[in-house]
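From a predicted model like this one, the values you see are computed outputs, not experimental measurements. Below, chain A is the first sequence line, B the second, and so on; all start at residue 1.
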2 protein chains.
Amino acid sequence: MAETLTATALTLKDIAREAGVSLATVDRVLHNRPGVRPDTVRRVQAAIERNSFQPHVAAAELARGRARRFAFVMPSGPNPFMQQIEAYLGEMSAWLSARRLSVEMVATDVFDPSVLAASLEALSGDYDGVAVVALDHPSVRAAINDLVDAGTKVVTLVSDVPSSRRHHYVGIDNIAAGRTAGALVGRLVGQRSGKVAIVAGSQGLRDHAERIFGFNQVMASEFPDLSVLPVLEGRDEDDRSEQVLARLLGRHADIVGLYNVGAGTQGVAKALSDAGRIDVVFVGHDVTVLTRRLLLQGVMDAAISQNPGHEARAAVRVLLALARGEPILREQEKIRIDIVMRDNLP
Amino acid sequence: MAETLTATALTLKDIAREAGVSLATVDRVLHNRPGVRPDTVRRVQAAIERNSFQPHVAAAELARGRARRFAFVMPSGPNPFMQQIEAYLGEMSAWLSARRLSVEMVATDVFDPSVLAASLEALSGDYDGVAVVALDHPSVRAAINDLVDAGTKVVTLVSDVPSSRRHHYVGIDNIAAGRTAGALVGRLVGQRSGKVAIVAGSQGLRDHAERIFGFNQVMASEFPDLSVLPVLEGRDEDDRSEQVLARLLGRHADIVGLYNVGAGTQGVAKALSDAGRIDVVFVGHDVTVLTRRLLLQGVMDAAISQNPGHEARAAVRVLLALARGEPILREQEKIRIDIVMRDNLP
DNA sequence: CTCAAAATGAGTTGCGTACCTCAAAACACC
DNA sequence: GGTGTTTTGAGGTACGCAACTCATTTTGAG
């Protein structure tokens, strides 16, 4: 009737006895310190495996003394999504300090590869882990690899750099997100035919590029009556997004759909309103105070949402697990894509 | 440019000095042990507050010595959703044993209040925490309260008993889930009018009752052309669900919609197929191997999903936080309602 | 003021690991 | 066989807290 899910609680001492070696040797093996014969290493590891021994994480944490420091490298400027991530990290502060973890926010211009790379290089050595909203660019990739080589655990957040040796990516599958956006725009436009506009922050941000890719994929294959206009770049800024979109709306009277890939949503909405074009099907990202209002007003038709709280917490948990050498609960840290419309606003 | 989110790392000794008392007194206050004047208590608490002191969780965990034991009281019988919860708990086993936590599964007949209550009473004293899929019944409520009084932390899982003194509920808002189901059935039925059937496990399970309530609410207010038939009870068993539904389908030729509130989905699907009525809009719960297939086959039209992995992990985390006296990250532990249709099967 | 009860201080032990030192043993090489 | 090097053992200290004992001080009631 009752079935237990955990092993018994052995200690290092038990493993030492099992393997017929001293505590010191087990310690050397566990932390792959030098000075142990390969044969002995194997014997110790066998004993660990055999008993599926797990070091007591609390004891390990206590013994190491120093606190762990993590840095979150995030875009400077007023990006609501990023502000939410910060806010959720703030809510964790009791949790963090009970574990003697410190999390520092580093604001930088993530749109400029050299600036971002320099910000990353500057962190080297000071931190146990770094979470970064990363532009996919060779110099950024190099900076990430340097951090990894220096022993720092690195996770990419929201936007990935898969060609780097980062340990983990915390964020959604952006191609799938783009596909979802495409399907939504297509379905919501309905029978009408016409043009579809795309506003992105930068095509250098991998998340944006991937979303655009997925979006175009769906548009091409499933909605041949809609033609997609060249991508506008608004650098996730309201003013800039508004300007470029306003100009486009002026030139094309037959725009029926709009996909806003990143931030700058306020500017996009303003351009639509000012042009009297709120009939345009408008799909964007993230549920914020602003997008919530736009959805309720009917200016925006759907938001593709990734839970920022989940991303913030997942990034911390993953960095911590990496630093401790614990396995990552992949299922837990996976970020899902949510479709939010007026009727199911959370 | 960099902003830190955590306090400095004080220790109990620092608090003792601050408050002008000894370590022993701080310890007494922290664990509300007797023998401290109210005035002194206040002084110590003030010092703790003032420095937003957090005891080092690793040190506390190490010092208490004994491992924590949690029990999960779950329905016996082959309920796929519950099996998934068990499976996800299994995936956590390394995580659990690194923290010296043991989780035991206790299978019982959650549909029989006295049996369930007895199972709960039997756990008293042996466990630090209990997660229970609970029937809302006075004797179950009493059993939960007894556990709480004995110092055991109790969370209700999937189905709540809000009138009890359980510490937390891990599960979705079932009224909202029922409303969502109602909206889906209504929209997917479209212009047709006719009758709508409901199959539930038991109306005594609060989750089922609440879903039905929400469902009826939406049907009444938004879909007046659809009339809801009396609820069938299938006790979450395939055979029984099939029988009761088959009989109903025989009596009513104009059934256009069906809401399966709990498990027994296989039986429900079989009744529909055997009666040649797969045109009926069928909305159910949970994404399992079975419902996935039914969705792909078009037998089922939508599934309301709550992530079982998330529920399992949240229950463990909440029990652990409660046992340690840590705050609960409510945002993190909240379970969301997902709508899953053929096109967005995860 | 006296005396018992209540409150507090001072101290100890142990939890399981990390990290360190130093000495002893085993080994490889010539 | 002797040398130097590598490997291993033995042991200690520290981490921050829980939980305990026992002595001492303070308090309040009479």
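Using a 4.0 Å heavy-atom distance criterion, A:Ala24 is classed as a base contact. At a threshold of 4.0 angstrom between heavy atoms, the contacts of A:Gly35 include nucleobase atoms, whether or not backbone atoms are also involved.
By the 4.0 Å N-to-carboxylate-O rule, B:Glu326 lies close enough to A:Arg99 to be salt-bridged with it.
Distance CG (B:Asp27) to P (C:dT13): 17 Å, rounded to an integer number of Å. For the pair B:Asn32 CG and D:dA19 P, the computed distance is 12 Å after rounding to whole Å. The interatomic distance linking B:Arg68 (CZ) with D:dA18 (C1') rounds to 11 Å, in whole Å. Straight-line distance from the NE2 atom of B:His31 to the P atom of D:dG16: 16 Å, rounded to whole Å. In this entry the distance linking CG of B:Leu23 with P of C:dT13 reads 16 Å, nearest Å. Between the CD atom of A:Glu61 and the P atom of D:dC17 there is a distance of 14 Å, given to the nearest Å. Atom-to-atom, CZ of B:Arg17 to C1' of C:dG9 comes out at 16 Å; the value is rounded to the nearest Å. In this structure, A:Arg33 places its CZ atom 17 Å from C1' of D:dT6, rounding to the nearest Å.
Listed nucleotides: C:dG9, D:dA19, D:dG9. Nearest to the side chain of A:Ser22: D:dG9. Checking C:dT17, D:dT21, D:dC17 against the side-chain heavy atoms of B:Thr11 singles out D:dC17 as nearest. In this structure, of C:dT17, C:dT8, C:dG16, it is C:dG16 that holds the atom nearest to the side chain of A:Leu62. Between C:dC19, C:dT8, C:dT21, one nucleotide has an atom nearer to the side chain of A:Arg66 than all others, and that is C:dC19. Candidate nucleotides C:dG16, C:dG9, D:dA18 were compared by shortest atom distance to the side chain of B:Ala60, and D:dA18 ranks first.
Look at A:Thr40 and you'll find a side-chain N or O under 4.0 angstrom from OP1 or OP2 of D:dT8. Within the 4.0 Å cut-off from OP1 or OP2 of C:dT8, not a single side-chain nitrogen or oxygen of B:Thr25 is found.
In terms of modelled atom types and a separation under 3.5 Å, the side chain of B:Asn145 and the main chain of B:Ser164 share no donor-acceptor contact. The closest donor-acceptor contact from the side chain of B:Ser159 to the backbone of B:Asp207 lies under 3.5 Å.
Each of A:Leu12 and B:Arg43 was assigned the nucleotide of DNA chain C with the nearest heavy atom; the assignment lying further toward the 5' end belongs to B:Arg43. If B:His56 and B:Arg37 are placed on DNA chain D by their nearest nucleotide, the residue sitting closer to the 5' end is B:His56. When each of B:Arg64 and B:Val41 is assigned the nucleotide of DNA chain C with its nearest heavy atom, B:Val41 is the one assigned upstream, toward the 5' end.
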Please evaluate residues B:Asp128 and B:Arg68 with respect to the criterion salt bridge (charged side-chain N to carboxylate O under 4.0 Å, His left out), reporting the C-alpha separation (whole Å), side-chain torsions for both, the decisive distance (0.1 Å), and the verdict. CA-CA 6 Å; B:Asp128 300 282; B:Arg68 299 184 198 275; 5.1 Å; no
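Within 3.5 Å, no donor on the side chain of A:Arg100 pairs with an acceptor on the base of D:dG16, nor the reverse.
Counting only N and O atoms by type, the side chains of A:Gln332 and A:Arg313 include no donor and acceptor under 3.5 Å apart.
The CZ atom of A:Arg100 sits 10.0 Å away from the CG atom of A:Leu62 when rounded to the nearest 0.5 Å.
Of all nucleotides present, only C:dC1 satisfies the Watson-Crick or G-U wobble test against D:dG30, with each distance under 3.5 Å.
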